[in-house]
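What follows is a set of notes on a single structure, which appears directly below.
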Amino acid sequence: MDAALLVGIPADFRYLAGTPFHIVNEKYVLAVTGALGAVPVLIPALAEALPIDALLTRIDGLLIPGSPSNVDPARYGNGASPAGTLKDARRDASTLPLIRAALTAGVPLLAICRGVQELNVALGGTLHERVHEEEGRHDHRAPLDASIDVRYAPSHRVQLAPGGMLATALGTEQAAVNSVHWQAIDRLAPNLDVEATAEDGTIEAVRVADAPNFAVGVQWHPEYRFADDAVSRALFGAFAAAMRARAEKLRRAA
Ligand SMILES: N[C@@H](CCC(=O)NCCCC(=O)O)C(=O)O
């Protein structure tokens, strides 16, 4: 009987009514339990105090979730965000070193939306802060005044890189995906390979080329209604298989 996999989910740091909280959107928790069959372990945004090495020896994988907040542009050399932009310095200071350490340790990693943006920045890339204002780019935001089912409904197609890891794992070279983001990858980090693009050229999925294990980021939200979507199920299936294989290898070596 396989021991249950433990999957770390880094939290946002947020003040609610003036009180500090570490929070995770429930759909990521439900995807870890329902799509991965794993135990979610919420990782507080402790920044420099986060015991990264101790954590990585105890989890089988890392799911970096989305968030309405944005990576601080100072993290990739851009100027200050416009006033009122929601940022989360505690999350940035937690996830960026955590991502780099997880990749070095070979802990399987799936990064979603803000997570793929953090993956790119952690490895030396940059972001478009308002991709819908870039020449030739579409609007990748979701209608704010709509129901969650409308906001997370498939809204555009992506072309998966022919022969790429995702196209192979997902068994297709095209997919219809949802889109809930203002920002997107601008300059791709040196050792990231593009695994999917939108019709307007926006990078929609990447893989860490030299990672010793599964290390994928997607700009869309496979966690939303994953049970209804074959591509989401296949993506989570590939992530879970990588975690199980690594856990078994570590068990045999113990
Ligand atoms: N704020 C960034 C990242 C977008 C993102 O993660 N959206 C998801 C919102 C909430 C959720 O579903 O977790 C951007 O706008 O690009």
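Order of listing sets the numbers, starting from 1, for every ligand and every atom in it.
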Next on the checklist: Taking the six-membered ring of W182 as reference, does the cationic atom of R141 (NZ for Lys, CZ for Arg) lie under 6.0 Å from its centre and within 45° of its axis?
Outcome noted: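 Yes - R141 lies over the ring of W182, closer than 6.0 Å to its centre and within 45° of its axis.
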Item to check | Parallel, tilted or perpendicular: rings of Y28 and H221 (30°, 60°) | outcome: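 Ring orientation of H221 relative to Y28: tilted.
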Next on the checklist: Is the contact between R141 and ligand 1 made by the side chain, the backbone, both, or neither, using heavy atoms and a 4.0 Å cut-off?
Outcome noted: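 Contact part for R141 vs ligand 1: neither.
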Next on the checklist: Going by salt bridge (Lys or Arg N to Asp or Glu O under 4.0 Å), name the residues that satisfy it together with D200, two or more places apart in sequence or in a different chain.
Outcome noted: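 By the salt bridge (Lys or Arg N to Asp or Glu O under 4.0 Å) rule, D200 matches no residue at all.
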Item to check | side chain to side chain donor-acceptor pair (under 3.5 Å) contacts in which one or both residues fall within residues 105-114, not counting sequence neighbours | outcome: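 Pairs touching residues 105-114 that pass the test: S69-R114, D92-R114, R114-E118.
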Considering heavy atoms of the protein only, find what lies nearest to [atom] and give residue, atom and distance to 0.1 Å.
atom                    : answer
atom 2 (C) of ligand 1  : N70 OD1, 3.2 Å
atom 16 (O) of ligand 1 : Q183 N, 2.7 Å
atom 15 (O) of ligand 1 : W182 N, 2.9 Å
atom 3 (C) of ligand 1  : S67 O, 3.3 Å
atom 10 (C) of ligand 1 : Y152 OH, 3.5 Å

Roughly how far, to the nearest 0.5 Å, is [atom2] of [Y] from [atom1] of [X]?
X    : Y    : atom1 : atom2 : result
K249 : N213 : NZ    : CG    : 8.5 Å
L98  : L50  : CG    : CG    : 6.0 Å
D12  : L42  : CG    : CG    : 10.5 Å

Checklist entry - At a 4.0 Å threshold, what atoms of ligand 1 neighbour a non-hydrogen atom of H221? => result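 By the 4.0 Å cutoff, the relevant atoms are 7 (N), 8 (C), 11 (C), 12 (O).
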Is ligand 1 less than 4.0 angstrom away from at least one heavy atom of [X]?
X    : result
K27  : yes
H140 : no
P68  : yes
Y224 : no

Please confirm whether [X] comes within less than 3.5 Å of ligand 1 when only nitrogen or oxygen atoms on both sides are compared.
X    : answer
V180 : yes
Q219 : no
E223 : no
H181 : no

Item to check | Check: R91 side chain, R14 main-chain N or O, donor-acceptor pair, under 3.5 Å | outcome: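 Between the backbone of R14 and the side chain of R91 there is no qualifying donor-acceptor contact (under 3.5 Å).
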Checklist entry - Any salt bridge between E248 and R244, counting N to O under 4.0 Å? => result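 Salt bridge absent between E248 and R244.
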